[in-house]
Every structure is written in C-alpha cells, then in structure tokens.
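Take a look at the structure set out below.
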Amino acid sequence: MARTSRLPGFHKITVAERRDLVSDVTGADAGDIARALQGGGLDAETADKFVENVLGTYGLPYGVALNVRVNGHDHVVPMVIEEPSVVAAASNAAKMVRMGGGFAAEMDPPRMIAQVEIRALTDASASAERLRLHAPEILRLADAAVPGLVARGGGARAIEPRVLAADILVLHVIVDCQDAMGANLVNTVAEAVADRVAAIAGGKVGLRILSNLCDQRCVRVTCTVPAEVLATEAMSGIDVIDGIVAASRFAELDPYRAATHNKGIMNGIDAVVMATGNDWRAVEAGAHAFAARSGRYSPLAVWRRVGDALHGRLELPLALGTVGGTLRVHPAARLSLRILNVTNARELAAIAASIGLASNLAAVRAMATDGIQRGHMGLHARSVALAAGVPAHRIQRVAAMIVEARDITLEGAKRALEVLAGEGQATASPEIRNAAEE
Ligand code: MEV
C-alpha cells in the first residue's frame, strides 16, 4: 500500500486491524509493532537499567494521529498520552490543514547552548572581551571533548559571552548536536572548557550545564485553512475564523489564557516527544521560557484571517533526538521513528510542532464553535461504557446513546446496552429509547 496518513474509518476497526494497517502504510513490520507495544514496550529488567529502585513499569496509551502532511510528506504520527480526545482532535485538525496544503515547517540547525558561569570577576565586560579574542582556542577545546560528534559533522560553532553583573558572566558555547538531543554532549563541552574559560576571564568556575532555552534550535510551522473547511452546521467558515482569531487575540492579551492556549499546543507536542523516547521536561522548560522571552508570557501559536482563509503560525525551541539517549534501548521509541519514517532530528521536530499547531487549532475551533465539552463528552462516554462492561462491538453505539440521552453514567450505559439487546425497554428513559432508534 502507498505511504499515506489518510486512513478513513481507522477509529472503527480493532487494535489488531489498526496495527496491520499501520504496518501496510508505513512499512513497519507487523510483528515488530506487536512486540514493541506488548506491555508498553518495556520490561522491568530493562527499566531497571534506566533508573533506580525500579519496581516495574507504568503503561500509557499509544495512539497515532492521522491525516498529517508536513512539507509535502505524509506521516502517521505516534502519540503517547492519557488525555481523551487529543489524538482524535489532532487528526481532525490535520485533516482540515491538509485541505489547505498541509503544514509548512522550517527548522534551525540543531544548535544547543552550553553555559559556563564565571564568578568573582573584577570587570566582567573586560573579561567578556578577552574571551571573544580567545574564541578559536575555546572552540578547539570544546571540539576535542566530543570527537565522535565532530566526526559526524557536528561540534562547537561559536562562543557568546554574556555579562550578568559586574562580577559575573556566562559564556555560551554553541554546539551543533546533529541528530542527538544533545544534553550529554553539551554538558561534556561545558565541563571540558570551564577551567580554561575561567583562567582567560580571570574568575572562578561556577555552574557548567546546558540551557534548556535552546532558542537557536527553533522550529517554525505555518498552515493555511480555507474557510469552508472550518464551517460547522451552525456557523459559517468565516464566522469560525473570526472566532479563532478572537481566541488568539485573547491569548495574546492575557498570560492566564496564554498558559492554557500553550498547554493545548503542548498536549500534541509532548505526546510525540514521549512516543519517540525524548525528554519532554526539557521541551516543556524550553517552550515556556521561550513563551516568556519578551518579559510577558505569550502564546506560542497565533492565528490570523488572510482573505477567506485562516492562517496559523507556531514557533518554539524543540530539542529532539533521533539517536542516543532512551531511544537506543526503548523498542517502542524505535518503533515510533520507523512509523514516522523520519531520518533526522529536524524532521522529527517539524512533525512534533505540526501536531502542536493541529492540537491548538482543534482546541480554539472547538471553543469558537460548540465549546470544548461536546467532543470531550463523546470520549468520556466511551470510557464510561467500557467501565460499565459494555462489549467492544457495542461501545461506540452505547456511547452515542448515553450522550444523546444526556445520561453519561454507568447505569445509563447498562440501560442502553439492555435496550440494544432488546431487553429493558420498559425501564429505559424515553431519551435512551429514542437514541436507540436513531
Ligand atoms: C485541554 O487539555 C487543552 C485546552 O484547554 C487547550 C485550550 O484551552 O486552548 C482545551
């Protein structure tokens, strides 16, 4: 089957059928998919090598977002997340974006920042000047600490001294980490150059560590969605665009709203970051520091009307790796990269950010139209039906019935099931009976 992320009816088939279909369209081996996702992909013995004092592992749902087109290529996108509706909403928004040509993404080179703090200076500005003059020597020292990275085409690229106070400066060493997230490489560089940097500056070594505000490793994603694609039964596409633009403005004016707006973006990004075995705390730290870089916490994505279309733009730092770290040992993370069909870390960042923009579009569109709860209720109803013991082939139907009847309870689900089984007509509410007939 040709590589595509358009798989209509995917949510209606069984887990086993979905695995086979994803194998067909991505080329990932069906046996590998089953093995890598068995029990969450990680046994206790392997987990014991990751962290300390291990008792076991902790599973989370692993789904895939569909309809995703980034820079002209289709991707089935693994997402690990416990929150209902995020995967469905991202897939749905990606379908709308696809009708406008898909996501366009551009990525900075994978440049991370090593911070070397120097204290006890007498004149930090003069020290900074001396460090600039010694740049070639410091860069050589940095490269010597990471020969493997240099052999792969990466390495130290620049130094940037920043004066923090009359007696303190921090030297940034900018390191191209290629396809690694880079934390270990950058920390190695920071520690390797620190003594010499302190000697040149004439001060004492302070902290030596990467910065998670990796603002030289940003990804920018845009999309354009035609108005008619956004319309609902009750609202025209242009009215929906106006509602989304107003929601964007609210987030631009109010940090309280911007925090929630950005949380919706990170719903999508974190899920991809987790599915690919990357460090989501690092990504979160970078995203929120970047959102506050002007001194005022702001939305990472904004929306505007351009003619009869909606235009969205997201920018954030995204330090993701496709080699090294957890990825080497976690079979599910390796599987995710195969399903995604990415060859490098920059492509992965472009896709993760696109899912972030899709998640944001889904949330602001829902709030500008029916409100967020309607979609959530459908998914909540499915969980309730499951908890009520409804068999798998009846879950969808029972969930629809209890939403329709506004009775999303365990008892409601049991009554709906009885009605479907031809029993319980006498005890069911008129709403449940009506819903069963639809
Ligand atoms: C919920 O996880 C995310 C939203 O609150 C995001 C938003 O309000 O934009 C729906």
Side-chain angles (χ1 to χ4, degrees), residues 11 60-65 67-68 77-97 103 221-223 225 229-230 232 235 239-275 280-281 283-288 290-292 296-305 310-316 318 352-384 403 408:
H11 63 287
L60 284 171
Y62 181 110
V64 286
N67 311 315
V68 182
V77 186
M79 297 176 75
V80 169
I81 188 161
E82 88 298 347
E83 185 174 329
S85 99
V86 172
V87 178
S91 302
N92 194 28
K95 190 157 130 201
M96 295 177 193
V97 170
F103 297 97
V221 184
T222 59
C223 67
V225 191
V229 172
L230 293 159
T232 65
M235 284 175 78
D239 285 347
V240 176
I241 291 181
D242 289 345
I244 292 174
V245 171
S248 177
R249 183 146 187 259
F250 179 15
E252 289 161 54
L253 292 171
D254 181 16
Y256 286 87
R257 173 57 209 154
T260 323
H261 183 95
N262 289 344
K263 192 274 184 181
I265 294 169
M266 301 315 290
N267 273 345
I269 293 179
D270 284 342
V272 180
V273 171
M274 286 183 69
W280 74 95
R281 287 88 55 213
V283 168
E284 283 281 336
H288 297 295
F290 189 74
R296 177 197 175 85
Y297 189 87
S298 303
L300 294 165
V302 293
W303 298 92
R304 295 287 182 269
R305 180 175 163 180
L310 175 70
H311 182 77
R313 182 177 193 278
L314 165 69
E315 180 177 17
L316 82 165
L318 212 40
S354 299
I355 296 291
L357 192 56
S359 298
N360 183 228
L361 171 59
V364 288
R365 179 174 177 271
M367 287 182 289
T369 55
D370 299 327
I372 208 78
Q373 285 306 76
R374 192 171 148 171
H376 278 189
M377 278 306 136
L379 289 151
H380 174 55
R382 281 174 48 163
S383 314
V384 169
V403 168
I408 308 177

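Each ligand, and each atom within it, is numbered from 1 in the order the structure gives.
Only the side chain of R257 comes within 4.0 Å of ligand 1, counting heavy atoms alone; its backbone N, CA, C and O stay farther away.
Taking every heavy atom of E83 and a limit of under 4.0 angstrom, the matching atoms of ligand 1 come to 1 (C), 2 (O). Residue M367 approaches ligand 1 through these ligand atoms, each under 4.0 Å from one of its heavy atoms: 7 (C), 8 (O), 9 (O). Set against the non-hydrogen atoms of K263, the atoms of ligand 1 under 4.0 Å away are 1 (C), 2 (O).
Among all heavy-atom pairs drawn from P78 and Y62, the shortest one is CB-OH, 3.3 Å. Counting all heavy atoms, side chain and backbone alike, M274 lies closest to W280 at CG-CE3, 3.7 Å.
Every N/O-N/O distance between H261 and ligand 1 stays at or above 3.5 Å.
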Stepwise, does the side chain to side chain contact (heavy atoms under 4.5 Å, CB included) test hold for K95 with V229? CA-CA 9 Å; K95 190 157 130 201; V229 172; over 6 Å; no
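From the protein, the heavy atom lying nearest to atom 6 (C) of ligand 1 is T260 O, 3.5 Å. Given atom 10 (C) of ligand 1, the protein heavy atom at minimum distance is I372 CD1, 3.7 Å.
Assignment of N267 to the shell around ligand 1 is supported, since a heavy atom sits closer than 4.0 Å.
To the nearest 0.5 angstrom, R305 atom CZ is 12.0 Å from I244 atom CD1. Note that the CD1 atom of I241 and the CH2 atom of W303 stand 10.5 Å from one another [nearest 0.5 Å].
In summary, of the residues considered (V302, N360, L300, L361), a side chain to side chain contact (heavy atoms under 4.5 Å, CB included) with L314 occurs for L300 alone.
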